[in-house]
Participant: 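Let me give you the structure first, and then I'll get to my questions.
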Amino acid sequence: MGNPNGFLLNNRKDNNTIPPELRELNFQEFHTPLNEKERREQAGRCMNCGVPMCQSAIKLAGMITGCPLHNFIPEWNDALYKGQFDMAAWRLLKTSSFPEFTGRVCPALCEKACNCGNGGDIKEAVTIHDNELFIIEKAFESGYMKPQIPKVRSDKKIAVVGSGPAGLAVADLLNRRGHNVTIYEREDRIGGLLMYGIPNMKLDKKVIDRRVKLMQEEGVKFITGADVGNGIDAQQLLNEYDAVALCCGAKKARPLSAPGAEAEGVMFAVDFLKSVTKSLLNSNLEDKNFFDPKDKHVIVLGGGDTGNDCTGTSIRLGCASVTQIEMMPKAPEVRGENNPWPQWPKVLKTDYGAEESIHKFGHDPRVYETTIKEVYTKDGKVCGVKTVQVEFRNIDGKRTLCEREGSEKDLPADLILIAAGFLGAEDYTAQAFGTELSQRNTIATSTPETYKSSVEKVFTAGDMHRGQSLVVHAINEGRQCAREIDEYLMGYTNL
């Protein structure tokens, strides 16, 4: 515990945020770091608790609180406070494969369980998320992050299908163990969800490229444009490799079932975001090879992170308006008595996209307890929507979604982006390997904590195993899957 009085002397201070009127003008990251003195003061607020709930990862009220990776948070906070930057990075990297990713896009489950927020005010928690990012960026800046090339190689070969956070984590650990790992990615760039599912202003793609280059120098092989199960034969991989890890995500998007949903201008959010990011990287948007919302009235169906990303992206591209429709009720502004620490706080969060909409259009884009009842079309194209308010009622003992009579409302719409979640993994890769699927359309394993599929030599991790989830969970699953593969290949493991 570097500073016993740190949490009393210093208030929480987050990284700086570029104001909406400036960040709306580009796709650059908009959080800027504190200076070294301020960051060390923030690390000094960590109390080195006897039972550090931040790193415990326990399930309360159906949700995980605390770090799934079991990061040694008090240890590297202490080292950061003392200016021992290499020590901090060493302890951080013991449990976290890619802190530069989680330090940008993780919702900080650790902070919600921090004892400094025990009084119910999560704004008093230690800035664990920002501290983590400072440590890893300092490590890259100082030259601490050098290729860790295994001194001894085994004769084992592993194919990892999918290069999202889970696939990268599997490959990273197995390569460090000395195995020979090849990653197959169907897209033209490595990164999966990190590359094309998260906009550049949240995760600059140079950060992904930097890590991929490091992994290549360490011996991991990457093959892009490789669609396993659709062009590349699954049986060929089973013949050539000692183990296969399927980490293809849960990309089967939930469709809109309203009349008119087949019209031009209705698309999945993931397709929209991918097209924008690809055009941004290929030509700085000059090729116009993306679904352009400029001067259009945009409806975003879904109130989660992906919906928020669609809102922020549409604003940057010059939309005429944006409305984000959410089926669930508005969360309370203050934590309820039935939602105590260290549970995940069920409180209203206004993310960057909503902030930017408030600035540009003068109002919050989110409309709660509402869904699209009908899509209006003209000449086969979207021209508006009919919305209706909804609520959950208990009917015959079942929680049923019902419409509120007389609540229908028409809204202008030229583009509808569906960000209503996912229905599990895309079928074709799993079917190509003959793996069994669960009721959630994910690859089935004997228990949720194991990663071997029903097919010999075939393992799975990440969203393809657990369903749509967070990047930090995908990384954790990838690490656990790597350990299981190593034990399968070697008869023991030291991972």
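Keep in mind that what you see is a predicted model, and the values were worked out from it rather than measured.
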Participant: Which pair of non-hydrogen atoms, one from Phe272 and one from Ser314, has the smallest distance, and what is that distance?
Facilitator: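 In terms of heavy atoms, the two residues are closest at CZ-OG, 3.8 Å.
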Participant: Taking NZ, NE, NH1 and NH2 as the nitrogens, is one of them in Arg316 or Glu356 under 4.0 Å from a carboxylate oxygen of the other?
Facilitator: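 Salt bridge: yes.
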Participant: Under the 6.0 Å and 45° cation-pi test, does Lys278 pair with Tyr196?
Facilitator: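 Yes, Lys278 sits over the ring of Tyr196.
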Participant: Determine whether His465 and Thr442 satisfy the following criterion, side chain to side chain donor-acceptor pair (under 3.5 Å), listing intermediate values before the conclusion.
Facilitator: CA-CA 5 Å; His465 176 235; Thr442 57; over 6 Å; no
Participant: Testing the basics here: between Ala171 and Ile183, what is the closest heavy-atom pair and its distance to 0.1 Å?
Facilitator: CB-CD1, 3.5 Å
Participant: Closer than 4.0 angstrom, basic N to acidic O: yes or no for Asp242 and Lys157?
Facilitator: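 Looking at Lys157 together with Asp242, the answer is no, because their closest N to O distance does not fall below 4.0 Å.
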Participant: Please list, chain by chain and in numerical order, all residues satisfying side-chain contact (heavy atoms from CB on, under 4.5 Å) with Ser97, sequence neighbours excluded.
Facilitator: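 Scan of Ser97 (side-chain contact (heavy atoms from CB on, under 4.5 Å), adjacent residues dropped) gives Ala169, Asp172, Leu173, Ile475, Arg479.
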Participant: Using side chain to side chain donor-acceptor pair (under 3.5 Å) as the criterion, list what pairs up with Glu484, not counting sequence neighbours.
Facilitator: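 Glu484 satisfies side chain to side chain donor-acceptor pair (under 3.5 Å) with no other residue.
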Participant: Within the side chain of Ser154, is there an N or O that forms a donor-acceptor pair under 3.5 Å with the backbone of Lys156?
Facilitator: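 Pair found, side chain donor or acceptor close to backbone of Lys156.
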Participant: Ignoring hydrogens and angles, tell me if any N or O in the side chain of Thr17 forms a donor-acceptor pair with the backbone of His31 under 3.5 Å.
Facilitator: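 Not at all, since once roles are kept as given, no pair shorter than 3.5 Å links the two residues.
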Participant: Suppose we screen for side-chain contact (heavy atoms from CB on, under 4.5 Å). Which residues come up paired with Tyr368, at least two apart in sequence or across chains?
Facilitator: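 Applying side-chain contact (heavy atoms from CB on, under 4.5 Å) to Tyr368 gives Glu326, Lys330, Leu348, Arg366.
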Participant: Between Cys114 and Ala125, which heavy-atom pair has the shortest distance, and what is it?
Facilitator: CB-CB, 3.8 Å
Participant: Does Ala354 offer a backbone N or O that forms a donor-acceptor pair with the side chain of Thr311 under 3.5 Å?
Facilitator: no
Participant: What's the verdict on salt bridge (Lys or Arg N to Asp or Glu O under 4.0 Å) for Glu132 and Arg104, showing C-alpha distance, side-chain angles and the deciding distance?
Facilitator: CA-CA 9 Å; Glu132 172 186 22; Arg104 286 173 165 85; over 6 Å; no
Participant: Any luck finding a side-chain donor-acceptor pair between Ser163 and Glu185 under 3.5 Å?
Facilitator: yes
Participant: Tell me every residue that passes ring pair (Phe, Tyr, Trp, His ring centres under 6.0 Å) with Phe98, counting only those two or more places apart in sequence or in another chain.
Facilitator: Phe101
Participant: Walk me through it: do Lys349 and Glu333 pass the test salt bridge (Lys or Arg N to Asp or Glu O under 4.0 Å)?
Facilitator: CA-CA 8 Å; Lys349 173 186 174 185; Glu333 305 229 356; over 6 Å; no
Participant: Report yes or no: does Gln324 contribute a side-chain atom to a donor-acceptor pair with the main-chain N or O of Gly302 at less than 3.5 Å?
Facilitator: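 Present.
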Participant: I need the minimum non-hydrogen distance between Val322 and Pro365, along with the two atoms involved.
Facilitator: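 Answer, listing the atom of Val322 first, then Pro365: O-CB, 3.6 Å.
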Participant: Can you sort out the partners of Tyr241 under ring pair (Phe, Tyr, Trp, His ring centres under 6.0 Å), two or more places apart, ordered by chain and number?
Facilitator: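 For Tyr241 there are no ring pair (Phe, Tyr, Trp, His ring centres under 6.0 Å) partners, ignoring immediate neighbours.
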Participant: Taking only Lys NZ, Arg NE, NH1 and NH2, and the carboxylate oxygens of Asp or Glu, determine whether Lys94 and Glu75 approach each other closer than 4.0 Å.
Facilitator: no
Participant: Does the pair Thr224 and Asp188 meet the rule for a side chain to side chain donor-acceptor pair (under 3.5 Å), with working shown?
Facilitator: CA-CA 5 Å; Thr224 56; Asp188 59 338; over 6 Å; no
Participant: To the nearest 0.5 Å, what is the distance between OG on Ser56 and CD1 on Ile58?
Facilitator: 6.5 Å
Participant: State whether the side chain of Thr127 and the backbone N or O of Gln42 hold a donor-acceptor pair below 3.5 Å, judged by distance alone.
Facilitator: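 Such a contact is absent between Thr127 side chain and Gln42 backbone.
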Participant: Could you check whether atom CG of Asp305 has more than 12 heavy atoms from other residues, nucleotides or ligands sitting under 6.0 Å from it?
Facilitator: no
Participant: Could you please spell out the steps behind the side chain to side chain contact (heavy atoms under 4.5 Å, CB included) verdict for Trp344 and Thr65?
Facilitator: CA-CA 6 Å; Trp344 177 268; Thr65 185; 5.5 Å; no
Participant: Could you give all pairs that pass the salt bridge (Lys or Arg N to Asp or Glu O under 4.0 Å) test and reach residues 435-463, with sequence neighbours left out?
Facilitator: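 Checked against salt bridge (Lys or Arg N to Asp or Glu O under 4.0 Å) - neighbours excluded - the pairs reaching residues 435-463 are Lys452-Glu456.
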Participant: Evaluate whether atom CE of Met87 has more than 12 neighbouring non-hydrogen atoms of other residues, nucleotides or ligands under 6.0 angstrom away.
Facilitator: no
Participant: Between Lys205 and Leu203, is there a donor-acceptor pair closer than 3.5 Å when you use the side chain of the first and the backbone of the second?
Facilitator: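 At least one qualifying donor-acceptor pair exists.
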Participant: Start with the C-alpha distance between Glu21 and Lys360, add both sets of side-chain angles, then the distance that settles salt bridge (Lys or Arg N to Asp or Glu O under 4.0 Å), and finish with yes or no.
Facilitator: CA-CA 8 Å; Glu21 61 269 23; Lys360 184 163 186 176; over 6 Å; no
Participant: Does Phe7 have Arg45 sitting over its ring (NZ/CZ under 6.0 Å from centre, angle to axis within 45°)?
Facilitator: no
Participant: Please name the pair of heavy atoms, one in Leu193 and one in Val471, separated by the smallest distance, quoted to 0.1 Å.
Facilitator: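 For Leu193 and Val471, the tightest heavy-atom pair comes out as CD2-CG2, 4.0 Å.
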Participant: Salt bridge or not between Arg211 and Glu100? Use side-chain N to carboxylate O under 4.0 Å.
Facilitator: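 Salt bridge: yes.
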Participant: Please check this pair: side chain of Asp130 against backbone of Asn15, looking for a donor-acceptor N/O pair closer than 3.5 Å.
Facilitator: yes
Participant: Quick check: does any side chain N or O of Thr435 sit under 3.5 Å from a backbone N or O of Ala430, one acting as donor and the other as acceptor?
Facilitator: yes
Participant: Kindly write out the residues that satisfy ring pair (Phe, Tyr, Trp, His ring centres under 6.0 Å) with Phe30, not counting sequence neighbours, or none if the list is empty.
Facilitator: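 If we apply the ring pair (Phe, Tyr, Trp, His ring centres under 6.0 Å) test to Phe30, skipping adjacent residues, the hits are Tyr352.
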Participant: Suppose we screen for side chain to side chain donor-acceptor pair (under 3.5 Å). Which residues come up paired with Asp14, at least two apart in sequence or across chains?
Facilitator: Arg12
Participant: For Val458, does its backbone N or O pair with a side-chain atom of Ser453 as donor and acceptor, under 3.5 Å?
Facilitator: yes
Participant: Do His129 and Glu111 have side-chain atoms, one donor and one acceptor, less than 3.5 Å apart?
Facilitator: no
Participant: Glu218 side chain to Gln148 main-chain N or O, any donor-acceptor pair under 3.5 Å?
Facilitator: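 Looks like yes, one N/O pair under 3.5 Å.
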Participant: Does the cation-pi check pass for Lys138 over Phe85, that is, NZ or CZ under 6.0 Å from the six-membered ring centre and within 45° of its axis?
Facilitator: yes
Participant: Restricting to side chain to side chain donor-acceptor pair (under 3.5 Å), what partner residues turn up for Thr370, sequence neighbours left out?
Facilitator: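 Testing Thr370 for side chain to side chain donor-acceptor pair (under 3.5 Å), a comparison that skips the adjacent residues, returns none.
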Participant: Give the minimum heavy-atom separation between Leu34 and Phe134, together with the two atoms involved.
Facilitator: O-CE1, 4.4 Å
Participant: The criterion is side-chain contact (heavy atoms from CB on, under 4.5 Å); which residues satisfy it with Lys37, sequence neighbours excluded?
Facilitator: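 Result, side-chain contact (heavy atoms from CB on, under 4.5 Å) vs Lys37: Asn35, Glu41.
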Participant: So, are Glu187 and Lys274 salt-bridged, with charged N and O less than 4.0 Å apart?
Facilitator: yes
Participant: By ring pair (Phe, Tyr, Trp, His ring centres under 6.0 Å), which residues pair with Tyr488, not counting sequence neighbours?
Facilitator: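 Checked Tyr488 against ring pair (Phe, Tyr, Trp, His ring centres under 6.0 Å); matches are Phe459.
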Participant: Would you please say whether a donor-acceptor pair under 3.5 Å links the side chains of Asp78 and Asn48?
Facilitator: no
Participant: Only counting residues at least two apart or in another chain, list the ones meeting side-chain contact (heavy atoms from CB on, under 4.5 Å) with Thr323.
Facilitator: Ile299, Ile325, Val367, Leu411
